[in-house]
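Down below is the structure, laid out as structure tokens.
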Amino acid sequence: QVQLVESGGGLVQAGGSLRLSCAASGRPFSNYVMGWFRQAPGKERDFVAAISWNGGNTYYSDSVKGRFTISRDNAKNTVYLQMNSLKPEETAVYYCAAARSPSMRVVDYDSWGQGTQVTVSS
């Protein structure tokens, strides 16, 4: 497994932007598809975005398409999530995760970070 540490969460007003980062260590970072998920209180963990091993392919949930951008820097072992036009209902803990192949399913990711809180005020 790979160890993951998220950062960049915080409080932002509706319509604002945040950039999350996730630093990886342990196994070779470029071996993994990287994903971002989020979980609001009392709700299931939902897929947000994923990126292939070399960054050539990206995947987004319909709710964030056009507003969020996932990217990675394999030289820095880091994946990013740029979030624009944030909405109050997107308040959640955001997690990064690693998988062996592209997927939108929580069960397919076998390494997870501890999460970073994103709060969007109205």
Side-chain angles (χ1 to χ4, degrees):
Q1 291 187 341
V2 63
Q3 288 73 51
L4 304 171
V5 179
E6 302 96 335
S7 61
L11 174 64
V12 63
Q13 288 188 335
S17 299
L18 279 177
R19 188 174 86 150
L20 305 182
S21 299
C22 174
S25 61
R27 299 293 180 92
F29 181 66
S30 58
N31 287 357
Y32 293 89
V33 168
M34 298 301 297
W36 285 95
F37 291 77
R38 63 189 178 191
Q39 187 168 20
K43 295 190 176 181
E44 293 185 349
R45 191 169 297 188
D46 292 331
F47 171 78
V48 175
I51 188 166
S52 60
W53 305 270
N54 64 357
N57 291 293
T58 56
Y59 313 86
Y60 297 95
S61 68
D62 288 342
S63 63
V64 308
K65 205 170 292 183
R67 298 185 297 118
F68 289 14
T69 302
I70 188 171
S71 61
R72 67 189 295 164
D73 185 338
N74 286 349
K76 295 182 178 179
N77 291 348
T78 302
V79 62
Y80 305 96
L81 184 68
Q82 176 67 42
M83 306 185 294
N84 298 329
S85 302
L86 282 159
K87 305 173 182 179
E89 56 265 37
E90 295 181 308
T91 294
V93 177
Y94 283 69
Y95 298 90
C96 73
R100 292 292 186 175
S101 59
S103 174
M104 297 183 180
R105 303 193 312 163
V106 170
V107 296
D108 292 330
Y109 287 77
D110 52 19
S111 296
W112 292 84
Q114 82 289 350
T116 186
Q117 176 70 46
V118 172
T119 302
V120 185
S121 64
S122 56

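Counting only heavy atoms from C-beta outward, the side chains of Val33 and Trp53 approach each other to under 4.5 Å.
Taking both residues in full, the closest heavy atoms of Ala40 and Ala92 are given as N-CB, 3.8 Å, listed atom of the first, atom of the second, then distance. The shortest heavy-atom contact between Ser111 and Gln1 is OG-CB, 3.3 Å. What you find for Pro88 and Ser122 is that their closest heavy atoms are CG-CB, 3.8 Å.
Annotation: the span from Phe47 atom CZ to Ser103 atom OG amounts to 8.0 Å, rounded to 0.5 Å. The distance from atom OG of Ser30 to atom CG of Asp73, rounded to the nearest 0.5 Å, is 11.5 Å.
Evaluation of the salt bridge (charged side-chain N to carboxylate O under 4.0 Å, His left out) rule for Arg67 yields Glu90 as partners, not counting sequence neighbours. Judged as a side chain to side chain contact (heavy atoms under 4.5 Å, CB included), and not counting sequence neighbours, the contacts of Asp46 are Glu44. For Glu89, there are no side chain to side chain donor-acceptor pair (under 3.5 Å) partners two or more places apart in sequence or in a different chain. With sequence neighbours excluded, the residues satisfying side chain to side chain donor-acceptor pair (under 3.5 Å) with Gln39 are Arg45. Residues satisfying the salt bridge (charged side-chain N to carboxylate O under 4.0 Å, His left out) criterion with Asp108, sequence neighbours excluded, are Arg105. For Ser7, the side chain to side chain donor-acceptor pair (under 3.5 Å) test picks out no residue, with sequence neighbours left out. For Thr58, the side chain to side chain donor-acceptor pair (under 3.5 Å) test picks out no residue, with sequence neighbours left out.
Sorted by first and then second residue, the side-chain hydrogen bond (donor to acceptor under 3.5 Å, both in side chains) pairs involving residues 76-87 (not counting sequence neighbours) are Ser17-Asn84, Gln82-Asn84. Applying the ring pair (Phe, Tyr, Trp, His ring centres under 6.0 Å) test to pairs two or more places apart or on separate chains, those with a residue in residues 98-122 are Phe37-Tyr109, Phe37-Trp112. The list of disulfide bond (SG atoms under 2.5 Å apart) pairs with a residue in residues 41-90, not counting sequence neighbours, is empty. Among pairs with a residue in residues 70-111, those fulfilling disulfide bond (SG atoms under 2.5 Å apart) read Cys22-Cys96, at least two apart in sequence or across chains.
Hydrophobic clustering, defined by side-chain heavy atoms of Ile, Leu, Val, Met, Phe, Trp and Tyr closer than 4.5 Å, groups Leu20 together with Val2, Leu4, Val12, Leu18, Phe29, Tyr32, Met34, Trp36, Val48, Ile51, Tyr60, Val64, Phe68, Ile70, Val79, Leu81, Met83, Leu86, Tyr94, Val118, Val120.
Using modelled atom types, one side-chain atom of Ser52 and one backbone atom of Asn57 make a donor-acceptor pair closer than 3.5 Å. For the pair Glu6 (side chain) and Gly115 (backbone), a donor-acceptor distance under 3.5 Å is present. Judged purely by atom type and a 3.5 angstrom limit, Thr116 uses its side chain to pair as donor or acceptor with the backbone of Gly9.
Crowding of Gln114 atom CD: a count of heavy atoms from other residues, nucleotides or ligands under 6.0 Å exceeding 12.
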